[in-house]
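Quick caveat, the model's predicted, so the values are computed rather than measured. Just so we're on the same page: letters track the sequence lines, and every chain starts at 1.
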2 protein chains.
Amino acid sequence: MTSAAERDGDTGGRERDQISLSTIRRLSRYYRVLETAAEEDLTHISSNQLAERNGVTSAQVRKDLSYFGTFGKRGLGYPVRELRDEILHILGMDHQWPVVLVGAGNIGRAMIDYVEFRRRGFFIVAAFDVDPRKLGISYKGVPVFPMFRLPEVMQTHEVEIGIVAVPALSAQRVCNQLAESGVKGILNFAHTRLIVPPGIRVRTVDMSIEMETLVYVVNKNGSFPLD
Amino acid sequence: MTSAAERDGDTGGRERDQISLSTIRRLSRYYRVLETAAEEDLTHISSNQLAERNGVTSAQVRKDLSYFGTFGKRGLGYPVRELRDEILHILGMDHQWPVVLVGAGNIGRAMIDYVEFRRRGFFIVAAFDVDPRKLGISYKGVPVFPMFRLPEVMQTHEVEIGIVAVPALSAQRVCNQLAESGVKGILNFAHTRLIVPPGIRVRTVDMSIEMETLVYVVNKNGSFPLD
DNA sequence: AATTGTGAACCTCTTCACAGCT
DNA sequence: AGCTGTGAAGAGGTTCACAATT
């Protein structure tokens, strides 16, 4: 367990004590703009352009990037392709990530269909479900297995990431099974807070909460930024 | 247009200048705990209990609630049912919200299937799609209409909230159509930043970003809280 | 004795502003 | 002249700690 004491060195960059979640999320968005810019054969891009297309300030862009190194040229801006690849590396998206999906319902299938996902280097090696009617058949090339095969499949494909797309009541059980099979990160769509052993990271996407915050701002004219 | 100048009065509470997005999201979570507590016939609950079940501090809970009024009794805690209803009111969830859904693909159908959604007072009055094969038939009681009927249906049902569950390339167009039909808030599942006229609020749920942040923390042992 | 409500301290993230390169 | 990189200032959100209340 290489604990969080890898401050400097590694990427050759001056990685800061603690990068914020917001910075990482923005990096992910900068990447998209850079992807487009690269397709348009733009060679350089300024923090300003990057900022405008993301609804943030240019200082924010420069600060975010500065946590990881110095990629720009003063007077010129940032080299598009280079920065794009750099961000890819920072995010850890410079290689493929095998993923298991638990729950072959609508959300599960939506994840399988999600082209952007595959394009980003995630590939779902298998789905798992308890519903016998879903087993055996494969959806868009993704086989659907019974739960008991989870540990085996995860080991074989060296899977570290799992998606939980089951009803709230089964979510914790599934989460435990993933944990036992050595998962490191879970994307949780269930309407529940998952309890996990230390070392495993969970990101919950809860559509009710998103809708409720939306309703709040619509209703009360709340004026904070939602994105 | 009742602008954001309704600081005090209204709920009889001392509504603060600006409530943060985080506070609203937490409120939404407190509500869930209170719902459960009410089912268990608990009459009072302390900020501590509320905090523990949400992974926050008790001071945070008290501060969050204090923005909207004083609901607790010192030495006793908060009255469960009363606080539950109060939060429901604050969030604007004390009545039903008709919603239109654009895109009857997997994510769209997942939203229709999402029981928690209906239970919270959102009901999808209709779905819209461009695929002729999907039109006419209804999914779980939700009719699927062609796009041109959007304005009419939104007017009839006085819909203020729309869900965008179409591919990235169509998202902005759909968003414009929603805007023209008088939408106030949009929940966007497309992998794009939507540009909207002022006054319309957009909440984007981008699964790629969620996965990428997850990968970052898994990969780099990032240690910030993900939830 | 227990627990709230809240000003003040603290911490974290964002923006400013400008020196330093190209 | 243009634009980055960054220390310092500013804003915003969280936690502390304690008086007030039941």
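Rounded to whole Å, atom C1' of D:dT4 lies 15 Å from atom OH of A:Tyr67. The CD1 atom of A:Ile24 sits 14 Å away from the C1' atom of C:dC13 (whole-angstrom rounding). Spacing between atom NE2 of A:His44 and atom C1' of D:dT4 amounts to 12 Å, rounded to whole angstrom units. As a whole-Å value, the separation of B:Leu83 CG from C:dT3 C1' is 14 Å. Spacing between atom CD of A:Gln18 and atom C1' of C:dT12 amounts to 11 Å, rounded to whole angstrom units. Straight-line distance from the CZ atom of B:Arg26 to the P atom of D:dT15: 8 Å, rounded to whole Å. One interatomic measurement links the two molecules: CD of A:Gln60 to P of D:dC3, which rounds to 20 Å at whole-angstrom precision. The distance from atom CZ of A:Arg25 to atom P of C:dC13 is 14 Å, rounded to the nearest whole Å.
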Please report the C-alpha distance between B:Glu86 and B:Phe68 in whole Å, then the side-chain angles of each, then the deciding distance to 0.1 Å, and finally whether the side-chain contact (heavy atoms from CB on, under 4.5 Å) criterion is met. CA-CA 9 Å; B:Glu86 204 67 55; B:Phe68 300 96; over 6 Å; no

Salt bridge (Lys or Arg N to Asp or Glu O under 4.0 Å), that's the test. Do A:Asp64 and A:Arg29 meet it? Break it down for me. CA-CA 12 Å; A:Asp64 283 339; A:Arg29 293 215 200 81; over 6 Å; no

Do A:Tyr31 and A:Met93 pass the side-chain contact (heavy atoms from CB on, under 4.5 Å) test, and can you show the C-alpha distance, the side-chain angles, and the key distance before you say yes or no? CA-CA 11 Å; A:Tyr31 176 78; A:Met93 297 301 301; over 6 Å; no

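One finds a side-chain N or O of B:Ser47 lying less than 4.0 angstrom from the OP1 or OP2 phosphate oxygen of C:dT4. In this model, the phosphate group of D:dC3 is not approached by any side-chain N or O of A:Ser46 to a distance below 4.0 Å at OP1 or OP2. Within the structure, a side-chain polar atom (N or O) of A:Thr57 is placed less than 4.0 Å from OP1 or OP2 of C:dT15. Applying the 4.0 Å criterion to OP1 and OP2 of D:dG5, one finds that A:Tyr78 has a side-chain N or O inside that range.
Scanning atom types as modelled, no donor and acceptor separated by under 3.5 angstrom connect the side chain of B:Arg74 and the base of D:dT22. The base of D:dG2 is not paired with the side chain of A:Lys73 by any donor and acceptor separated by under 3.5 Å.
Summary of the strand contacts: B:Phe71 and A:Leu21 both lie near DNA chain C, and taking for each the nucleotide with the nearest heavy atom, the more 5' one is attributed to B:Phe71. Two residues, A:Gly75 and A:Ala59, neighbour DNA chain D, and the one matched to the more 5' nucleotide by heavy-atom proximity is A:Gly75.
A salt bridge is defined here as a Lys NZ or Arg NE, NH1 or NH2 lying under 4.0 Å from an Asp or Glu carboxylate O, and A:Arg32 with A:Glu35 fails to meet this definition.
In this structure a side-chain-to-backbone donor-acceptor pair under 3.5 Å is missing from A:Asp85 to A:His89.
In the set C:dC13, C:dG5, D:dA8, the nucleotide with an atom closest to the side chain of A:Lys63 is D:dA8. Proximity note for A:Arg62 (side chain, C-beta onward) versus D:dT6, C:dT15, D:dT14: the nearest is D:dT6.
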